[in-house]
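Worksheet: one structure, shown below.
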Amino acid sequence: MPDNDELLNSVRELVHARMSGQGAGHDWDHVVRVLRTSEKLAAEVDADRFIVRLAALLHDIGDAKFHDGQEKSGEFSHEILAQVGVDSTTREAVIHIVENLSFRKREVSEELTLEGQVVQDADRLDALGAIGIVRTIEFGAWKQQPFYRRWNDADSKGSDNQPTGVGHFAEKLLRLRATLNTEPAREIALEREQFMRTFLTQYFAEIGEALPSDLANFF
Ligand code: ADP
Ligand code: NI
């Protein structure tokens with residue numbers, strides 16, 4: 001019987017092989033960051049490390065963006081966990097997390113376990129701070145959206161209501177802290193939020209404009 005570290009290594013290699021090369025902020029590097037943050041949070045709130053690590057590795061394995069809008073993470077997680085020989089109790093705990101952690105599904109999600117809360121927080125933290133800024137810009141480039149457009153009505157969306165990177169800060173990123181589950185994650189989020197405010201303040205100072213009204217609410 002392989003031990004937990006061997007199982008984790010096998011899962012890690014399978015996820016890496018499947019995910020490397022995906023763009024738009026959902027690549028292997030994102031998974032490694034979420035794994036690292038999850039481990040740190042798990043230690044602070046005393047969550048089960050094995051389940052947390054497996055769920056962090058698998059949480060984006062079947063991201064809908066890469067599968068014609070179909071979310072496949074639960075299904076793919078089941079395949080991988082069964083293939084490497086993870087026991088069925090652990091498997092079910094991990095799949096429950098993977099299937100219920102996404103931001104988009106939060107209205108219909110089942111309540112997460114402590115381990116799930118940890119991985120969800122780690123995933124959300126990866127949308128904040130310097131990394132979050134880079135991912136927002138990368139996502140916008142992938143979607144061919146501008147980071148910001150100058151409009152007379154002083155709202156970041158502009159009169160045609162087209163999405164922009166700056167709009168994403170107001171709509172999602174500066175609201176994420178309030179959705180976090182654990183206290184240590186909220187502390188990290190606060191620091192990362194301050195950095196994003198510093199960045200946005202500098203950005204608008206450099207282009208000689210006031211902050212758009214929807215963003216100014218968060219300052
Ligand atoms: P998750 O599923 O992990 O919550 P998403 O798949 O929604 O994340 O987004 C991946 C990354 O792209 C995140 O950093 C997110 O903030 C960023 N992103 C998502 N939607 C937009 C958008 N409309 N404009 C700019 N960035 C976005
Ligand atoms: Ni993710």
Side-chain angles (χ1 to χ4, degrees), residues 2-45 47-67 71-81 83-84 86 90-91 93-104 112-139 141-142 172-173 176 180-182 184-189 191-193 195-196:
D3 66 22
N4 285 358
D5 283 345
E6 287 166 338
L7 290 170
L8 273 165
N9 273 334
S10 303
V11 170
R12 194 183 167 101
E13 274 169 31
L14 287 168
V15 174
H16 185 190
R18 285 220 206 178
M19 291 193 89
S20 45
Q22 286 184 352
H26 260 141
D27 51 18
W28 174 244
D29 290 342
H30 165 66
V31 171
V32 172
R33 290 192 303 267
V34 171
L35 176 63
R36 184 168 171 272
T37 307
S38 296
E39 287 170 344
K40 198 169 138 180
L41 296 176
E44 294 197 45
V45 302
D48 183 292
R49 310 282 191 92
F50 186 46
I51 290 173
V52 161
R53 286 186 174 125
L54 287 172
L57 282 169
L58 288 162
H59 84 277
D60 273 334
I61 187 69
D63 191 303
K65 279 201 287 304
F66 305 105
H67 299 97
E71 177 56 55
K72 299 266 193 192
S73 293
E75 186 183 323
F76 292 172
S77 295
H78 182 89
E79 283 169 23
I80 289 173
L81 292 170
Q83 182 185 335
V84 306
V86 170
T90 306
R91 219 156 59 205
V94 173
I95 291 166
H96 182 269
I97 295 171
V98 169
E99 286 184 335
N100 290 288
L101 133 172
S102 153
F103 189 78
R104 268 157 284 145
L112 289 165
T113 55
L114 179 63
E115 288 71 28
Q117 293 179 4
V118 160
V119 180
Q120 185 180 62
D121 281 358
D123 190 33
R124 289 178 178 175
L125 285 173
D126 206 53
L128 302 181
I131 295 289
I133 294 168
V134 170
R135 289 179 82 205
T136 300
I137 294 167
E138 285 180 347
F139 183 98
W142 181 59
K172 180 171 171 187
L173 303 185
L176 269 184
L180 296 175
N181 307 293
T182 68
R186 282 191 283 271
E187 281 169 28
I188 299 170
E191 189 190 318
R192 293 187 183 189
E193 238 176 47
F195 184 79
M196 296 194 296

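Remember, it's a predicted structure, so these values are computed and weren't measured experimentally.
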query = Is there a side-chain contact between V98 and F76 (heavy atoms, below 4.5 Å)?
reply = no
note = Value for CZ (R49) from CG (L8), rounded to nearest 0.5 Å, stands at 11.5 Å
query = Is V45 close to Q117 at the side-chain level, that is, under 4.5 Å between some pair of heavy atoms?
reply = no
request  = Just jot down the ring-ring contact (aromatic ring centres under 6.0 Å, His included) partners of F50, sequence neighbours excluded, or say none.
outcome  = none
query = Got a donor-acceptor contact below 3.5 angstrom from the D27 side chain to the H30 backbone?
reply = yes
note = Distance col, row E13:CD vs I80:CD1, nearest 0.5 angstrom, shows 12.0 Å
message = For a quick test of reading the model, state the closest non-hydrogen atom pair linking G129 to F195 and the distance between them.
response = C-CD2, 4.1 Å
query = About how many Å separate OG of S102 and CG of D60, when rounded to the nearest 0.5 Å?
reply = 8.5 Å
ask   = Do side-chain atoms of D121 reach the backbone of L180 as a donor and acceptor pair under 3.5 angstrom?
value = no
ask   = Within a strict 4.5 Å, meaning less than it, do heavy atoms of the V32 and L35 side chains meet?
value = no
ask   = Ion pair present between R53 and E39, side-chain N to carboxylate O less than 4.0 angstrom?
value = yes
Nearest-0.5 Å distance, CZ of residue R192 to CD1 of residue I131 = 7.5 Å
ask   = Any donor and acceptor pair, going by atom type alone, linking the side chain of E6 with main-chain N or O of D3 inside 3.5 Å?
value = yes
task = Please assess D48 against T113 for the test side-chain contact (heavy atoms from CB on, under 4.5 Å), listing each intermediate value before the final yes or no.
result = CA-CA 10 Å; D48 183 292; T113 55; over 6 Å; no
note = In L101, L176, V119, the residue satisfying side chain to side chain contact (heavy atoms under 4.5 Å, CB included) with R124 is L176
ask   = Are any non-hydrogen side-chain atoms of E99 and I95 less than 4.5 angstrom apart?
value = yes
inquiry  = Working to the nearest 0.5 angstrom, can you tell me the gap between K72 NZ and I61 CD1?
reply    = 13.0 Å
remark   = Closest non-hydrogen atoms of S10 and V84, given as atom of the first, atom of the second and distance, are CB-CG1, 3.6 Å
request  = Could you tell me whether the side chain of V94 reaches within less than 4.5 Å of the side chain of V86, counting heavy atoms only?
outcome  = no
task = Could you check E115 against V118 for side-chain contact (heavy atoms from CB on, under 4.5 Å), going step by step and ending with a plain yes or no?
result = CA-CA 5 Å; E115 288 71 28; V118 160; 5.7 Å; no
key: Smallest separation among heavy atoms of G62 and E71, with atom names   = O-OE2, 3.3 Å
message = When you measure from the side chain of H59 to the backbone of A56, do you find a donor-acceptor pair of N or O atoms at a distance under 3.5 Å?
response = yes
ask   = Can you tell me how far CG of L125 sits from OG of S38, rounded to the nearest 0.5 angstrom?
value = 9.0 Å
request  = Classify the angle between the aromatic ring planes of H16 and W28 as parallel (below 30°), tilted (30 to 60°) or perpendicular (above 60°).
outcome  = parallel
task = Determine the minimum heavy-atom distance between I97 and A55, stating which atoms define it.
result = CG2-CB, 3.8 Å
request  = Identify the two heavy atoms, one from Q120 and one from N181, that lie closest to each other, and give their separation to 0.1 Å.
outcome  = OE1-ND2, 3.0 Å
request  = Answer yes or no: is there a side-chain heavy-atom contact under 4.5 Å between L54 and L7?
outcome  = no
